[in-house]
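Remember, it's a predicted structure, so these values are computed and weren't measured experimentally. Any value given below was found using the heavy atoms of this structure, including those in side chains, with hydrogens, waters and symmetry copies removed. In the text below, chain A, chain B and the rest are named by the order of the sequence lines, each starting its count at 1.
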Protein chains: 2
Amino acid sequence: MSRTDELRMMFRVAHLYHECQLKQADISQQLHMSQAKVSRLLKRAEVEGVVRVSINVPRGTYPQLEDGLRQQYGLNEAIIAECYEDRDEPILSAIGSAAAHYIETTLGEREVIGVSSWSTSLLRTVDAIRPSKHLKAERVVQIVGGIGNPSVQTHATQMVTRLAALTGAEPQLLPARGVVSSPAAQKVMVGDTYVRAALDQFKRLTIALVGIGALRPSAIFANSGSAFSDEEIDGAARSGAVGESSLRFFDSEGKPVRGPLDDRVIGITLDELKSVRRVIGVAGGQQKVEAIRACMKGKLINVLVTDRFTAEKLL
Amino acid sequence: MSRTDELRMMFRVAHLYHECQLKQADISQQLHMSQAKVSRLLKRAEVEGVVRVSINVPRGTYPQLEDGLRQQYGLNEAIIAECYEDRDEPILSAIGSAAAHYIETTLGEREVIGVSSWSTSLLRTVDAIRPSKHLKAERVVQIVGGIGNPSVQTHATQMVTRLAALTGAEPQLLPARGVVSSPAAQKVMVGDTYVRAALDQFKRLTIALVGIGALRPSAIFANSGSAFSDEEIDGAARSGAVGESSLRFFDSEGKPVRGPLDDRVIGITLDELKSVRRVIGVAGGQQKVEAIRACMKGKLINVLVTDRFTAEKLL
DNA sequence: TACACGGATGAATAAAAATTCATAGCGGTG
DNA sequence: CACCGCTATGAATTTTTATTCATCCGTGTA
């Protein structure tokens with residue numbers, strides 16, 4: 001049996017299989033051979049390049065970038081949204097939809113979702129999730145207290161409530177301000193039954209949904225006013241902080257930056273966050289690049305949803 | 001869920017499946033979705049052109065020609081051997097090997113093989129079959145008597161015997177000359193027990209292996225001398241014959257050409273041949289083109305083994 | 001607003017394909 | 001020549017994949 005005969009057979013089988021859509025069993029009959037042989041010929045046809053499978057990158061998707069991010073930062077998943085302009089509003093819109101879609105399609109049935117409620121990206125994400133009977137979760141937990149003026153706090157509450165409603169889950173609000181005036185005040189708040197109940201859910205989280213912020217310029221810090229003062233942020237920066245997530249600061253390697261502020265924040269810690277199976281970071285934009293990079297380096301998140309401009313800068 | 005998100009998913013799944021060689025089940029886990037969804041995405045990826053399967057024609061094979069022959073003449077199978085020169089000897093060598101390989105790989109276990117023993121192509125074919133334990137048949141039947149001088153007759157006998165030995169089958173010789181001197185002589189021979197026994201096998205044949213000959217120039221007719229006289233061949237030609245197989249003449253449409261010679265031939269008739277499930281014609285060469293074409297038109301064969309030059313002329 | 005249709009969905013299942021297994025043959029070596 | 005390692009083989013089996021099925025949901029229509 002010469003090489004040519006073998007190649008001829010590979011082609012013949014491959015043709016019948018891939019182009020004529022015949023079953024291996026039919027081919028084996030037609031060609032008077034065993035199904036096992038057909039299977040083996042098909043495999044060899046692929047190995048030897050008689051059959052080649054090519055995958056086209058669909059327009060508007062960036063698998064190379066995604067792969068680059070996954071590889072370079074050890075992410076479980078990277079999702080890059082198509083976006084036509086490198087400005088905050090289009091980016092928010094794009095990553096919001098993308099994150100929403102990701103959540104819609106990958107949410108398990110018994111998940112306990114933690115939401116760092118005050119990020120604009122997350123707001124957009126939750127807004128973009130469309131109701132669906134298939135979307136089910138067990139519980140939605142607010143993982144940082146509210147910040148700023150009461151209207152923003154309400155917004156936060158609504159977000160958790162809404163996500164819970166969308167997924168038929170139990171909402172678990174964290175009825176406290178994210179930043180309180182003193183360590184003593186924090187101790188008091190943490191003693192509260194309802195606050196305690198929320199905090200106790202942290203170790204049960206199967207998913208955490210977090211935003212990522214640069215120290216400045218920070219829309220959140222600026223707008224909502226009273227989260228941290230400029231001086232406090234300067235202090236964190238001097239300790240090496242390059243970004244924050246859930247009101248917790250981290251340095252350029254993603255290591256938590258300890259500081260006096262930690263004792264005045266009511267919410268999940270970065271270490272607690274790291275122990276959650278799936279931490280989804282939703283963030284994009286020129287100013288946030290370094291914060292996102294650090295966050296990934298420190299494995300604070302394992303899924304990133306971002307836009308293509310930010311992705312390019314991260315690589 | 002936007003179109004882009006869908007395409008992204010298709011790509012992602014296709015990549016993991018085709019390039020990373022993951023099972024659908026693994027992918028479904030990794031991507032947090034059901035295996036059914038992965039399967040459906042893969043199918044859609046192919047339909048929508050995200051995944052493309054291309055089949056390369058290996059050098060030295062001629063699937064287009066084969067396909068052309070199959071289609072144009074309604075063959076079950078066409079096998080075209082690689083061949084570098086359009087001369088008889090290289091062609092015989094090529095098609096002999098190819099036919100041998102075809103038989104080796106497609107012979108069933110319980111087949112009854114008829115062999116039209118006096119064709120050079122078939123001689124080369126049988127010679128090229130290599131012994132193999134897997135090659136098994138029930139019976140090998142000589143379907144035309146011997147022709148010409150005794151040494152050629154012996155050759156014929158050896159061929160049947162050899163093929164039987166190669167396949168562990170019972171040899172069934174046809175102990176008679178292919179062409180006898182008169183209808184009366186034919187009647188006598190057919191009355192012979194052993195001749196009868198061979199003829200009786202014809203309806204049990206599951207495969208027939210036949211050569212195809214042009215009326216002239218005919219190496220066989222010329223060399224072996226006494227098959228038919230020039231005058232007899234002229235007569236057949238005048239009745240419309242353009243070729244013969246197993247000493248039976250057919251016209252340009254492959255219809256049997258009846259004539260006085262029929263009653264002097266001991267061997268299978270073309271009608272008997274047509275009722276065999278698999279009739280493999282092994283032939284090639286400039287002079288035989290029209291005979292082969294006719295043979296196929298008349299469905300006298302359903303498998304053709306030839307060389308690429310002949311194939312091109314046939315199309 | 002009610003209702004039917006088309007299209008998704010995942011669990012279960014049927015179908016198809018890959019692999020295991022037990023042999024057997026080939027070619028090279030002692 | 002006997003032995004070994006290698007490869008090929010088809011039947012049986014396991015594994016993997018596609019499809020069925022029962023539901024559900026969103027949407028267009030009366």
Rounded to whole Å, please give me the gap between [atom1] in [X] and [atom2] in [N].
X: Glu104(B); N: dT9(D); atom1: CD; atom2: C1'; value: 14 Å
X: Gln29(A); N: dA16(C); atom1: CD; atom2: C1'; value: 14 Å
X: Leu16(A); N: dA17(C); atom1: CG; atom2: C1'; value: 16 Å
X: Gln21(A); N: dA17(C); atom1: CD; atom2: C1'; value: 16 Å
X: Arg44(B); N: dT9(C); atom1: CZ; atom2: C1'; value: 14 Å
X: Met9(A); N: dT9(D); atom1: CE; atom2: C1'; value: 15 Å

Arg162(A) meets the salt bridge (charged side-chain N to carboxylate O under 4.0 Å, His left out) criterion, sequence neighbours left out, with Asp127(A)
So, using salt bridge (charged side-chain N to carboxylate O under 4.0 Å, His left out) as the criterion, who are the partners of Arg40(A) when residues are at least two apart?
none
Going by the rule side chain to side chain donor-acceptor pair (under 3.5 Å), which residues pair with Glu19(B) if we only count those two or more places apart in sequence or in a different chain?
His15(B)
Side chain to side chain donor-acceptor pair (under 3.5 Å) partners of Glu138(A), counting only residues at least two apart:
Arg110(A), Arg204(A)
Letter by letter from the 5' end, nucleotides 15-22 of chain D scores (B base, S sugar-phosphate only, - none; protein heavy atoms under 4.0 Å) -SBBBB--
Closer than 4.0 Å, any side-chain N/O of Lys37(B) to the OP1 or OP2 of dT9(C)?
yes
Residue pair Tyr17(B) / Gln24(B): nearest heavy atoms and the distance that separates them
CE1-CG, 3.6 Å
Would you please name every residue forming a side-chain contact (heavy atoms from CB on, under 4.5 Å) with Ala137(B), sequence neighbours left out?
Leu107(B), Ile113(B), Thr167(B), Ala169(B)
